[in-house]
Amino acid sequence: MLRLRYEVFHREHLNRKMPIGIDCDRFDRLADHLVIKDKHSLRIVGTYRLISSQYSPEFYSQSEFSLNRLMELPGTKLELSRACIHKDFRTGQVMHLLWRGLARYIQECGIDYLFGMASIWTMDPLEVTKVYTYLAKAGHIRKDLDIEPTPAHRFPNLFLDKTLEVNLEEVKDSAVAQMIPPLLQSYLKMGAQICPEPALDPDFRCADFLTILKIANLSKSYEKKYARTNN
């Protein structure tokens, strides 16, 4: 699991080698880890890190965002992080199995909210602003929780208060759409919303949007496809 994360996040995305070939931080000990194994090789080919407010007052997202208002909402919160799939298994089947496992975890633990950071692999302020503008015009932004990046992760020179020309009808074929990773697209289709201001993560050279999904608002198609299959 830790080796898979290293291969995806450090070798594949950053082309960076580390002395020890694993991706690990202090939050791993606070978490449950969902993994998918290949039946033939028995190697781990997909993983998700899950941290529940039932068991931990600390979350990975707090390294970049202030979560006070989110934590004040009634109900149990589950943070999703470190999601990755081996490059040879990105056909959709492994993601489907991860979501089925996550649906079972949600049911068993009585989760009310999912949240976590979704990364856009650019640090260009204009590109990030265009992604934000598209998300805002599509109705995906949630502003009532006043969640902002911590001072150390403020993104300089964004133009979030400016109106940019982003055509929702044409965005599927545009560079803007290509910057929105499949995982974030899945969250949005499920009914997740994005907190307005993204955070800058210079270590991984990306912009992070905080996503929040109230389980009661889970889209019917995803509820039918995942949650009910586990009953």
Side-chain angles (χ1 to χ4, degrees), residues 1-13 21-25 27-56 59-61 76-121 177-178 180-194 204 206 208-231:
M1 172 191 68
L2 302 180
R3 289 189 181 93
L4 173 63
R5 284 170 23 184
Y6 169 76
E7 289 296 327
V8 172
F9 296 127
H10 298 274
R11 298 295 295 128
E12 185 177 343
H13 282 302
I22 61 173
D23 174 79
C24 182
D25 61 36
F27 295 97
D28 287 313
R29 295 185 179 184
L30 304 175
D32 289 324
H33 297 270
L34 178 62
V35 300
I36 304 297
K37 284 186 176 181
D38 174 47
K39 291 191 296 184
H40 301 290
S41 66
L42 298 182
R43 63 175 172 167
I44 294 174
V45 297
T47 185
Y48 241 130
R49 182 169 69 183
L50 313 176
I51 302 179
S52 172
S53 62
Q54 291 177 324
Y55 312 116
S56 174
F59 302 95
Y60 177 61
S61 303
T76 301
K77 294 87 180 175
L78 182 68
E79 183 188 52
L80 311 180
S81 64
R82 282 305 194 246
C84 63
I85 297 173
H86 191 281
K87 61 183 179 180
D88 295 338
F89 290 82
R90 292 173 193 161
T91 61
Q93 183 178 12
V94 173
M95 194 71 244
H96 174 81
L97 293 173
L98 284 170
W99 279 114
R100 288 196 64 180
L102 178 60
R104 181 63 178 271
Y105 190 99
I106 290 169
Q107 290 177 345
E108 295 291 335
C109 297
I111 303 300
D112 298 287
Y113 289 90
L114 300 179
F115 73 98
M117 295 187 292
S119 299
I120 306 295
W121 297 99
Q178 295 174 14
I180 302 175
L183 184 62
L184 177 53
Q185 292 178 17
S186 295
Y187 289 156
L188 298 176
K189 290 177 182 177
M190 292 175 70
Q193 293 179 293
I194 307 295
F204 284 93
C206 64
D208 291 329
F209 284 92
L210 189 75
T211 65
I212 300 175
L213 172 63
K214 186 176 182 179
I215 297 300
N217 295 337
L218 183 68
S219 67
K220 295 301 181 182
S221 60
Y222 274 78
E223 182 182 4
K224 182 177 179 180
K225 186 175 182 179
Y226 295 107
R228 291 180 184 176
T229 59
N230 288 309
N231 288 340

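- Scanning for salt bridge (Lys or Arg N to Asp or Glu O under 4.0 Å) contacts around R11 gives an empty result, with sequence neighbours left out.
- Applying the 6.0 Å contact sphere to CD of Q54 captures more than 12 heavy atoms from other residues, nucleotides or ligands.
- Among all heavy-atom pairs drawn from T211 and Y187, the shortest one is OG1-CD1, 4.0 Å.
- Here the closest heavy-atom approach between residue M117 and residue S61 is recorded as CG-OG, 3.8 Å.
- Contact check for L218 versus L114: no side-chain heavy atoms found under the 4.5 Å cut-off.
- Closest approach of C24 and R5 over heavy atoms only: CA-NH2, 3.9 Å.
- Residues that satisfy the side chain to side chain donor-acceptor pair (under 3.5 Å) test with R90, not counting sequence neighbours, are E12.
- The side chain to side chain donor-acceptor pair (under 3.5 Å) search around T91 returns none, not counting sequence neighbours.
- Annotation: the span from I180 atom CD1 to F209 atom CZ amounts to 8.5 Å, rounded to 0.5 Å.
- From I194, atom CD1 reaches atom CG of L184 across 5.0 Å, with rounding to the nearest 0.5 Å.
- The shortest distance between side-chain heavy atoms of I212 and Q193 does not fall below 4.5 Å.
- Applying the salt bridge (Lys or Arg N to Asp or Glu O under 4.0 Å) test to residues at least two apart or on different chains, none of the pairs has a partner in residues 31-47.
- The CD1 atom of I22 sits 9.0 Å away from atom CE of M1, with the distance rounded to the nearest 0.5 Å.
- Not one N or O on the side chain of S119 forms a donor-acceptor pair closer than 3.5 Å with the backbone of D208.
- No side-chain heavy atom of I215 sits under 4.5 Å from any side-chain heavy atom of D112.
- T76 and G110 make their closest contact through CB-O, 3.8 Å (heavy atoms, listed as atom of the first residue, atom of the second, distance).
- Here CG of L98 is found 4.5 Å from CD1 of I36. Values are rounded to the nearest 0.5 Å.
- Ring planes of F59 and F115: perpendicular class, angle over 60° (limits at 30 and 60°).
- In this structure, Y105 and S52 have side chains that are in contact, with non-hydrogen atoms separated by less than 4.5 Å.
- The CG atom of L4 sits 7.5 Å away from the CD1 atom of I44 when rounded to the nearest 0.5 Å.
- The distance from the SG atom of C109 to the CZ atom of R104 is 10.5 Å, given to the nearest 0.5 Å.
- Not a single side chain to side chain donor-acceptor pair (under 3.5 Å) links Y6 to another residue, sequence neighbours left out.
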Would you tabulate the side-chain donor-acceptor contacts of residues 80-87 under 3.5 Å, counting partners in other chains and residues two or more places apart, or write 'none'?
| residue | atom | partner | partner atom | Å |
| --- | --- | --- | --- | --- |
| S81 | OG | R49 | NE | 2.9 |
| S81 | OG | R49 | NH2 | 3.4 |
| R82 | NE | D23 | OD2 | 2.8 |
| R82 | NH1 | Y60 | OH | 3.3 |
| R82 | NH2 | D23 | OD1 | 3.4 |
| H86 | ND1 | D88 | N | 3.0 |

